[in-house]
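Beneath this line is the structure, given in structure tokens, with notes to follow.
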Amino acid sequence: MGKYSLKYLCVLMLLLLKTGSSAFADNGYKLWLEYNKVGNPQLAVAYRQQLSYVIFPAASDRLKAAKSELLTGLDEMLTLKPVDAKSIINGQTIIIGTPQLLKSFSIAVPDSIGGEGYLIKTTLIGQKKCILIAANSDVGVIYGVFNFLKLIQINQSISKLNISDHPRMMYRVLDHWDNLNRTVERGYAGSSIWNWHKLPGVIDQRYIDYARANASVGINGSVVNNVNADALILSPQYLLKVQALANVFRTYGIKIYLSVKFSSPVELGGLKTADPLDPAVKKWWTDKADEIYSYIPDFGGFLVKANSEGQPGPQSYGRTHADGANMLADALAPHHGIVMWRAFVYDNKVPDDRFKQAYNEFKPLDGKFKDNVIVQVKNGPIDFQPREPFHPLFGAMPNTPLMMEFQLTQEYLGFSTHLVYEAPLFAECLQSDTYTRGKGSTVARIIRGDFNKKLITGMAGVANIGADLNWCGHPFAQANWYAFGRTAWNSDQSPAVIADDWLRMTFTDDENFVSPVKKFMLQSRENTVNYMAPLGLHHIMGVSTHYGPGPWVDNAGRPDWNATYYHKADSAGIGFDRTATGSNALTQYAPEVKARWESLQTCPDEYLLWFHHLSWTYKMSSGRSLWDELVYHYYAGAESVKQMSRTWEKMEGKIDAERFSEVKQLMQVQLNEAITWRDACVLYFQTFSKMPIETTYPKSQHPLDYYRNTKFYYVPGIGGNNYMTN
């Protein structure tokens, strides 16, 4: 064989390997922007016919990015390269832009869609039929293009389009708990994606793809560092690095924010105090804000964790949260920046019920914050538990903007080894009725400012993103990032619709895959609640790491770090009494909510042990005793994971082999851990109930002491600052 023939053969083999890899393997890097080939031949022909020509005057960086995305998507899904045109070809043209760029076509965009909304419609322009994507701004065009591509990804007809959409929240922000040493606190997908050492010189393609993914679901802000902040982030050396990221994000309509340490004037500026009323401190922050904006003209603002878990704050100087937040707000106001001040506070003076502390500290401050301060409140009153009642602050501060904080990273939901689709959790909280402005004043309506139009609005999600190839550690954890963006854009969207879209965009449009997988996705969070903390149990995870069961933990550094503080199991029963006979935390809710949860006749089983300490023999609505009901849920939870795994086995061949295999293996890990949770908790609580476990259930694999004595080393998510929680 001649040298040229050998060379040709080698090239051919490489091409075949590449083709095979592309066809049968997928590492998940592309997220929901896979742009898979349209499998329906008739639909593909129709798409190509309607999109043969494009009119898209793209002058700005944002519009160039939008046009590049459109052309990439059409090429990958349809093998289509539409021809740039100057005039409309009837029935074959897509026209995209703002009214200013499309003056010659006399296109009007209503003010009602605002600066970030868009139109996607089939229309007549000069008696010629075309598809129009239009917005009042370049970023609106980006959102419109991504959503148009989604229609093709999910195989929707584009023949009679009439879509008008806009975000319901102003600030839709991802919070990264990333440290400067590249560890990620409560992160389960590897190290931080921000390579601070190589910035600003090296701009990783990952930063661009991160921005693309966020823009595709309408996320418009990113806090790039941990709320347990390092003052160094505000130094000139790091501001240059932050500037480099901001330059990438800006193209996709994303503002960059920083978590700041309240004591930065002392640690970085050499002052003797960080007292927010001290003139020198005020000047330091004003000068620092001016400096930041000299690097990043569209800087978004600060996120602050203060006077919680040892973090410095205004209370260290006898000042209030409002004093601290307002001082920072004044520094940012000339530049139109905002302060996101977290309401997750608890200190070493343990109250009678940690549940009550945030409300007690923040409720009296209603109306005392500056207009550019938004108080960021976790969805529940404790700490991102598998299930929590909505936080009592929602609706309790009518004159203060409240920003919802959800956790996408699964700190208390099995880490990235467990498949837990969180959109039902989001919806459960957002659709809860606070009754603070009468029936129908849901959490969603509170945070989007329906009852006070003067307030700024927002939603934050603690990111589950890391340096793993598939971004989130588990292929299905990507759905939580996606669902957060969709929910922050419009909190009324259905978890089922979001799951359906995500599956079709990420894997395949095959209904035989989508339907069964969507079904177990929607059930997955409830499964996890069942095998971890059913009937309102909470905070019974392993201490510090929050990994695995730890209902026996009673020797942590302070009472409210102990599981026994929360479940209060004894020979008489189990549960935390938050009624008038207990901590009386229920008084923090509106009378209608309080009455429902206080009465055993109306309190849902899901919240029963959140609010009541009940006898092991208490008769449940099912007719079972509380003990038997608890055992039933633990066993049902583990069994549901087994059923989920069996369903997944049937998906082999319907998607790429690489992700199929990865999910299959992770499901086995989840099943093993679900059984561990089940057996450890049931055996532990049985030491108090002294009641039998039905013989129809599988026997525990190990005695209780085995679980109590098991140690887990180098559990992911603990690093950097080594804080217990966030």
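Small disclaimer: the values here were computed from a predicted structure and weren't measured. Counting begins at 1 with the first residue of the sequence.
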Over-ring placement of Arg206 relative to Trp471, 6.0 Å and 45° cut-offs: yes

Between Tyr565 and Arg354 (side chain of the first, backbone of the second, donor and acceptor by atom type, cut-off under 3.5 Å), is there such a pair? yes

Report the residue from Thr487, Leu425, Leu522 that forms a side-chain contact (heavy atoms from CB on, under 4.5 Å) with Pro495. Leu522

Rounded distance [0.5 Å steps], CD1 in Ile718 versus CZ in Phe712: 14.0 Å

Begin with the C-alpha distance, continue with both residues' side-chain angles, and end with the deciding distance and a verdict on side chain to side chain donor-acceptor pair (under 3.5 Å) for His418 and Glu673. CA-CA 9 Å; His418 291 219; Glu673 295 188 0; 2.6 Å; yes

Who are the side chain to side chain donor-acceptor pair (under 3.5 Å) partners of Asp605, not counting sequence neighbours? Ser621

Does Arg678 count as lying over the ring of Tyr634, i.e. NZ or CZ under 6.0 Å from the six-ring centre, within 45 degrees of the axis? no

With a 6.0 Å cut-off on ring centres, are Tyr346 and Phe344 close enough? yes

Can you see which heavy atom on Thr508 is nearest to which on Ile655, and at what distance? CG2-CG2, 3.9 Å

Assert yes or no for the condition that the ring centre distance of Tyr207 to Trp194 is strictly below 6.0 Å. yes

Would Lys654 pass as a cation-pi partner of Phe513, given that its NZ or CZ must be under 6.0 Å from the six-membered ring centre and within 45 degrees of the axis? no

Assess the pair Trp610 and Tyr566: is the distance between their ring centroids shorter than 6.0 Å? no

Do you know the tightest heavy-atom contact between Phe355 and Pro389? CE1-CG, 4.2 Å

Can you confirm whether or not the ring centre of His567 sits under 6.0 Å from the ring centre of Phe576? no

Donor-acceptor pair, distance only, cut-off 3.5 Å: does the side chain of Gln493 make one with the backbone of Arg486? yes

Verify the distance criterion only: is there a donor paired with an acceptor across the side chains of Asn562 and Thr564 at less than 3.5 Å? no

Looking only at atom types and distance, does a side-chain atom of Asp178 sit under 3.5 Å from a main-chain N or O of Val184, one as donor and one as acceptor? no

So how far is it from Leu666 CG to Ser661 OG, rounded to the nearest 0.5 Å? 9.5 Å

Least distance between heavy atoms, Asp468 atom then Gly473 atom: OD2-CA, 3.4 Å

Between Tyr29 and Asp209, is the side chain to side chain donor-acceptor pair (under 3.5 Å) condition met? List the steps. CA-CA 9 Å; Tyr29 178 83; Asp209 292 332; 2.6 Å; yes

Passes side chain to side chain contact (heavy atoms under 4.5 Å, CB included), Leu33 versus Phe146? Steps please. CA-CA 9 Å; Leu33 300 177; Phe146 272 116; 4.2 Å; yes

Nearest-0.5 Å distance that lies between atom OG in Ser515 and atom CG in Asp500: 8.5 Å

Of all heavy-atom pairs between Pro516 and Thr647, which one has the smallest distance, and what is that distance? CB-CG2, 3.9 Å

Is there a donor-acceptor pair closer than 3.5 Å between any side-chain N or O of Ser645 and the backbone N or O of Lys642? no

Would the Tyr482 and Trp32 ring centres measure less than 6.0 Å apart? yes

Would you confirm whether the ring centroid of Tyr589 sits within less than 6.0 angstrom of the ring centroid of Phe390? yes

Has Thr710 got a side-chain atom pairing as donor or acceptor with Tyr706's backbone, closer than 3.5 angstrom? yes

Taking Arg504's backbone N and O only, do any of them form a donor-acceptor pair with Glu34's side chain (distance below 3.5 Å, no angle check)? no

Answer yes or no: is there a donor N or O on one side and an acceptor on the other, between the side chain of Gln385 and the main chain of Asp383, under 3.5 Å? yes

Can the ring centroids of Tyr421 and Trp502 be said to lie less than 6.0 angstrom from one another? no

CG of Asn226 to CG of Asp175: how many Å apart, nearest 0.5 Å? 10.0 Å

Which is it for Asn555 and Trp561 under the side chain to side chain contact (heavy atoms under 4.5 Å, CB included) test, yes or no, and what are the steps along the way? CA-CA 9 Å; Asn555 60 351; Trp561 285 346; over 6 Å; no

Do the two ring centres, one from Phe384 and one from His538, sit under 6.0 Å apart? no

Within the side chain of Tyr171, is there an N or O that forms a donor-acceptor pair under 3.5 Å with the backbone of Asn220? no

Shortest non-hydrogen contact from Asn228 toward Asn179: O-OD1, 4.4 Å

Within 45° cone of Tyr257 ring axis and under 6.0 Å: Lys255 NZ or CZ: no

Can Trp677 and Tyr531 be said to form a ring pair (Phe, Tyr, Trp, His ring centres under 6.0 Å), step by step? CA-CA 6 Å; Trp677 267 94; Tyr531 65 71; 7.3 Å; no

Sidechain-backbone polar pair: Ser491 side chain, Ala488 backbone, donor-acceptor under 3.5 Å: no

If we ignore hydrogens and angles and just use 3.5 Å, is the side chain of Ser640 paired with the main-chain N or O of Gly637 as donor and acceptor? yes

Do Trp648 and Phe660 pass the ring pair (Phe, Tyr, Trp, His ring centres under 6.0 Å) test, and can you show the C-alpha distance, the side-chain angles, and the key distance before you say yes or no? CA-CA 8 Å; Trp648 185 254; Phe660 172 80; 5.7 Å; yes

Atom OH of residue position Tyr632 - does it have more than 12 heavy atoms of other residues, nucleotides or ligands inside 6.0 Å? no

Contacts of Pro386 meeting side-chain contact (heavy atoms from CB on, under 4.5 Å) (sequence neighbours excluded), chain-then-number -> Tyr412, Leu413, Val529, Met532, Met541

Side chain to side chain donor-acceptor pair (under 3.5 Å) partners of Asn307, counting only residues at least two apart: Ser316

Taking the six-membered ring for Trp, are Phe484 and Trp489 ring centroids under 6.0 Å apart? no

What closest approach, in Å, do Ala229 and Ser259 show between heavy atoms, and which atom pair accounts for it? CB-O, 3.6 Å

